[in-house]
Number of protein chains: 2
Amino acid sequence: MARELQIADACCGLAATPLSEDDAERFAVMFKALGDPIRLRLAALIAAQDEVCVCDLTPQFELADSTISHHLKVLRDAGLVGSQRRGTWVYYRVHPDALQALGVLLQPVGGAD
Amino acid sequence: MARELQIADACCGLAATPLSEDDAERFAVMFKALGDPIRLRLAALIAAQDEVCVCDLTPQFELADSTISHHLKVLRDAGLVGSQRRGTWVYYRVHPDALQALGVLLQPVGGAD
DNA sequence: TCCTTGGATCGATCAATGTCGAAACAGATT
DNA sequence: AATCTGTTTCGACATTGATCGATCCAAGGA
């Protein structure tokens, strides 16, 4: 059951949100996932296209394949991306809703006050 | 010298950004800073007002003052907030530009495709 | 001057994380 | 079935990070 991302709480940005402990916990997981240079680049590479084969990602880093796989799992567990196996290869794509929820949380900070 | 946050690279969001290793490094520091529930709540509390006295923050957490101070330092080092001492008390305020840069990086992911 | 109070820093401890190589797993090909 | 290739999982290790108590510093008040 792909949980529905019930993050309606992110309606008004950090500034307007008292941000319950639960929400803070959930959002922090996502921010933490993006809080690593490798994962941030991975996320950018995936977001740049509809979907990306892992086999196209690993060559772009000087890290063991298992390490890249680990980082992809962190992004997956955070709900930021999803994966799908087709034949031999595995393809990753972003979950736009998740990234957008984080964006909304940050955006209006200096906006309408 | 409050460094000028030269993050013009964040013009087009994750999707459009090849995201150089350097940029990834810089942004990751900020995301990582927000990647802790305590710090995320601190950031929200600070963003909710023009400025906030540390003395108003510490009572809202069941943590040692030194721990809160440490988390504030992480937010400060990431460039997300700034502090100013006035007499006995220290006041924190957000750096809207920094938060906004992160927001822009995330926002347009699912936007115009 | 000496205490008190608000904050930051330091040093120590324990948990979490990044990294790797080895092994396991899933499909495809022979 | 045997094997090859792409991907993930599994220990293991070194590094980082969260937390605390103790200490230090700055500003006020006795």
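Just so it is clear, the values below take in all heavy atoms, side chains as well, and ignore hydrogens, waters and symmetry mates. Model, not experiment: these values are computed from the prediction. Order of the sequence lines sets the chain letters (A, B, ...), proteins ahead of strands, with each chain counted from 1.
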- Task: Check the pair Phe31(A) / Leu106(A) against side-chain contact (heavy atoms from CB on, under 4.5 Å), numbers first and verdict last.
- Result: CA-CA 11 Å; Phe31(A) 280 123; Leu106(A) 296 175; 4.0 Å; yes
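- Residues Glu21(A) and Arg41(B) have side chains in contact (heavy-atom distance under 4.5 Å, counting atoms from C-beta outward).
- Among the heavy atoms of the strands lying under 4.0 Å from His70(A) is at least one base atom, whether or not backbone atoms are also near.
- Within residues 83-93 of chain B, the residues having any heavy atom closer than 4.0 Å to DNA chain C are, in order of number, Arg85(B), Thr88(B), Trp89(B), Val90(B), Tyr92(B).
- When side chains are defined from C-beta on, Arg76(A) counts as touching Ser83(A), because their heavy atoms get closer than 4.5 Å.
- In this structure, the separation between CG on Leu19(A) and CZ on Arg26(A) is 9.5 Å, given to the nearest 0.5 Å.
- Phosphate contact (OP1/OP2 of dT19(D), side-chain N/O of His71(B), threshold under 4.0 Å): present.
- Contacts of residues 60-68 of chain B with DNA chain D (heavy atom under 4.0 Å): Leu63(B), Ala64(B), Ser66(B), Thr67(B).
- One finds no side-chain N or O of Lys32(A) lying less than 4.0 angstrom from the OP1 or OP2 phosphate oxygen of dG17(D).
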List, with names and distances, any nitrogen or oxygen atoms from the protein found under 3.5 Å away from nitrogen or oxygen atoms belonging to nucleotides 13-15 of chain C.
none

Which pairs would a plain distance check flag for residues 54-72 of chain B, meaning a side-chain donor or acceptor within less than 3.5 Å of a matching protein atom at least two apart in sequence or in another chain?
unit_1	atom_1	unit_2	atom_2	d
Thr58(B)	OG1	Val54(B)	O	3.4
Gln60(B)	NE2	Asp56(B)	O	3.2
His71(B)	ND1	Arg39(B)	NH1	3.0

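- Interatomic distance, CD of Gln100(B) versus NE2 of His95(B), reported as 14.0 Å (0.5 Å rounding).
- Nucleotide dG6(C) holds its C1' atom 13 Å from the CG atom of Leu57(B), rounded to whole Å.
- Residue Leu75(B) contributes atom CG, which lies 12 Å from atom P of dA8(C) at whole-angstrom precision.
- Within the model, atoms CE of Met30(B) and CG of Leu34(B) stand 9.5 Å from one another, a figure rounded to the nearest 0.5 Å.
- Between Leu72(B) atom CG and dT19(D) atom P the separation is 12 Å, expressed in whole Å.
- Among residues two or more places apart in sequence or in another chain, the salt bridge (Lys or Arg N to Asp or Glu O under 4.0 Å) test is passed with Arg85(B) by none.
- Considering only residues two or more places apart in sequence or on other chains, Arg93(A) meets the salt bridge (Lys or Arg N to Asp or Glu O under 4.0 Å) condition with Glu51(A).
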